[in-house]
Amino acid sequence: MEKIKMTTPLVEMDGDEMTRILWKLIKDELLTPYIDLHTEYYDLGLVYRNETNDQVTIDSANATKKYGVAVKCATITPNAARMTEYNLKEMYKSPNGTIRAILDGTVFRAPIIVKGIEPYVNTWKKPITIARHAYGDVYKASEMKIAGVGKAELVFTDEQGQETRELIHDFKGAGILQGIHNLEDSIESFARSCFNFALETKQDLWFATKDTISKKYDHTFKDIFQEIFDKEYAEQFKAANIEYFYTLIDDAVARVIRSEGGYIWACKNYDGDVMSDMVATAFGSLSMMTSVLVSPDGYYEYEAAHGTVQRHYYKHLKGEETSTNPLATIFAWTGALRKRGELDNISELGIFADKLEQACINTIESGKMTKDLALITTLDNPVTLNTENFIKAVRETLDTLL
Ligand code: NAP
Ligand code: MG
């Protein structure tokens, strides 16, 4: 078979620990034998981030703006222990945070569905994609402990020094206070990212807040979504035969549990934090969650939702056998290759991506899987493979499909 040619490079962001090992295996076994892989390589492994004072992370995000599509390996977010372990010059910020700040995107997370790994919610037949707004609210709050009697007010001072006040509470005793904010610009780009992603994946979009209680704050989210939808997206949604649906957050939770899945659920920052863990767990396994950052300008960065699987890496370093699930990382590559193919009109890339995903699914459904899945599968007599042998098994399945 002749290798598939690419025209525009993919931005390749390498990472850390066990996922860095997976990264190389995936490229060697599942990609370069079939594709003339054309990437612009950025090493986001912590060693090189430290060497470049984290400039490499910024460069990789700017390259994503230039080329449009990136694929990222999981990376370490340094903490005190990592400072010593890697002899770091400073405690660098999370690469994902840095990249998101430059691309201004929304993260969409969706589970990979296979037979034999059944969701705990037995009505769920299709993936539920969570879109989490990643700015403001309680994550950028100011808080105060109130010692005793006194009056708390919201005060806004405009550029002319004019004050607007709103009573929060007349305290008769001790209590607590919290001030949160959000920005119209940020809510607008969140809305556009969600509408674009719904159109692109041909799925309904659900959005929910608590606007009956929060008549200005949450209501603004609702209004911005509705205005942008009516002005810019209503026609396109109709043509694509998909729906935008708004409801209250508690109603949304009840409907999600009764649903079949197959839609995007847009969540405010806190709701997204909580609900994405609920949805991921209910679908079965963290190692099967994919993630894509979509910017309002149409840049895409694909990755796995899980981290660097540190515990497995330390076993690997000791020469012990590991059984690490590469699916979410493989699907990051297939997502990026499919998108590159779409943008460059190279249909072979999309077809290859589909086949590689199918090969992963068929391999697991045939009973061959990594340990994390073997522990929870409903299939009888699963065969647990180690990291390398599972990837080899996927390659064998892929060869029968090509
Ligand atoms: P993690 O890498 O997500 O792993 C947590 C546990 O989940 C693992 O120990 C493993 O359980 C299981 N697991 C996750 N992915 C798996 C896979 N592909 N195959 C099999 N099992 C899997 O989280 P962590 O160990 O807490 O974090 C490690 C590092 O990742 C941290 O330095 C953190 O900063 C970083 N991180 C990066 C990202 C990112 O780049 N997007 C996201 C989250 C965390 P068992 O050990 O029980 O087998
Ligand atoms: Mg969380």
Side-chain angles (χ1 to χ4, degrees), residues 12-23 25-26 42-47 49-50 54 56-57 60-61 70-86 88 91-101 103 105 107-109 111-112 114 117 130 132 134 273 276-277 280-281 283-293 301-318 320-333 335 360 363-364 368-377 382 384-391 394:
E12 175 184 352
M13 304 170 174
D14 206 346
D16 288 300
E17 300 195 310
M18 201 59 209
T19 40
R20 191 180 178 97
I21 309 284
L22 288 178
W23 198 256
L25 281 171
I26 291 168
Y42 292 86
D43 186 357
L44 267 54
L46 191 47
V47 174
R49 268 186 279 151
N50 191 45
D54 210 21
V56 65
T57 307
S60 73
V71 56
K72 181 180 170 292
C73 179
T75 46
I76 292 169
T77 300
N79 56 14
R82 301 297 197 169
M83 294 290 289
T84 344
E85 186 183 355
Y86 284 84
L88 299 181
M91 202 186 286
Y92 303 102
K93 284 193 249 164
S94 136
N96 289 48
T98 303
I99 294 166
R100 198 157 58 215
L103 299 182
V107 174
F108 296 84
R109 292 194 160 175
I112 302 161
V114 298
I117 309 299
I130 296 257
R132 173 180 170 192
D273 187 352
S276 64
D277 277 6
T281 307
F283 267 108
S285 174
L286 183 61
S287 52
M288 299 286 275
M289 276 306 249
T290 65
S291 180
V292 56
L293 175 75
E301 184 234 300
Y302 294 84
E303 66 171 331
H306 61 75
T308 60
V309 212
Q310 181 180 17
R311 214 177 58 82
H312 295 205
Y313 181 60
Y314 288 172
K315 281 175 77 179
H316 170 83
L317 288 182
K318 280 193 261 167
E320 291 171 29
E321 191 172 71
T322 58
S323 183
T324 313
N325 189 339
L327 246 77
T329 306
I330 295 174
F331 275 58
W333 275 99
C360 290
T363 304
I364 294 170
K368 295 178 189 165
M369 59 193 79
T370 45
K371 189 174 159 201
D372 54 311
L373 299 184
L375 289 170
I376 58 172
T377 187
T384 305
L385 297 179
N386 67 30
T387 307
E388 291 78 11
N389 287 343
F390 177 76
I391 289 176
V394 171

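When reading the values below, keep in mind they use all heavy atoms of this one structure, side chains included, and skip hydrogens, waters and symmetry mates. When a ligand or atom number is given, it counts from 1 through the structure's own listing order. As the structure is a prediction and not an experimental result, all values here were calculated from the model.
Distance remark: protein heavy atom not present below 4.0 angstrom from atom 6 (C) of ligand 1. Counting only heavy atoms, the protein never gets under 4.0 Å from atom 12 (C) of ligand 1. Of the protein's heavy atoms, none falls inside 4.0 Å of atom 24 (P) of ligand 1.
No N or O atom of Ser287 sits closer than 3.5 Å to an N or O atom of ligand 1. In terms of polar-atom proximity, defined here as any N/O pair under 3.5 Å, Glu17 makes no such contact with ligand 1. Ligand 1 has an N or O atom lying under 3.5 Å from an N or O atom of His312, backbone or side chain. For the pair Cys73 and ligand 1, the shortest N or O to N or O distance does not fall below 3.5 Å.
Among Leu375, Thr75, Asn96, the residue whose heavy atom sits closest to atom 35 (C) of ligand 1 is Thr75. Scanning Thr324, Val309, Asp372 for the heavy atom closest to atom 22 (C) of ligand 1 points to Val309. The closest non-hydrogen atom to atom 45 (P) of ligand 1, taken over Met288, Glu85, Gln310, Arg311, comes from Arg311.
Contact check for Val107 versus Arg132: no side-chain heavy atoms found under the 4.5 Å cut-off. By the 4.5 Å heavy-atom criterion applied to side chains, Phe390 and Leu327 are counted as neighbours. Inter-residue side-chain proximity for Ile112 and Thr290 is flagged as met; some heavy-atom pair is nearer than 4.5 Å.
The closest protein non-hydrogen atom to atom 30 (O) of ligand 1 is Thr308 N, 3.0 Å. Nearest protein heavy-atom neighbour of atom 41 (N) of ligand 1: Glu303 OE1, 3.3 Å. Counting only heavy atoms of the protein, atom 43 (C) of ligand 1 lies nearest to Gly307 CA, 3.5 Å. The protein heavy atom nearest to atom 32 (O) of ligand 1 is Arg82 NH2, 3.0 Å.
When heavy-atom distances to ligand 1 are checked against a 4.0 Å cut-off, Thr19 has no atom that comes that close, whether in backbone or side chain. With a 4.0 Å cut-off on non-hydrogen atoms, Leu286 touches ligand 1 through its side chain and not its backbone. The parts of His306 lying near ligand 1 are both backbone and side chain, judged by heavy-atom distances below 4.0 Å.
Ligand 1 has no atom lying under 4.0 Å from any heavy atom of Met18.
Asp54 pairs by the salt bridge (Lys or Arg N to Asp or Glu O under 4.0 Å) definition with nothing, not counting sequence neighbours.
Side chains of Thr308 and Thr19: a donor-acceptor N/O pair is absent below 3.5 angstrom, by distance only.
Using a 4.0 Å cut-off between charged side-chain N and carboxylate O, Arg82 and Glu85 make a salt bridge.
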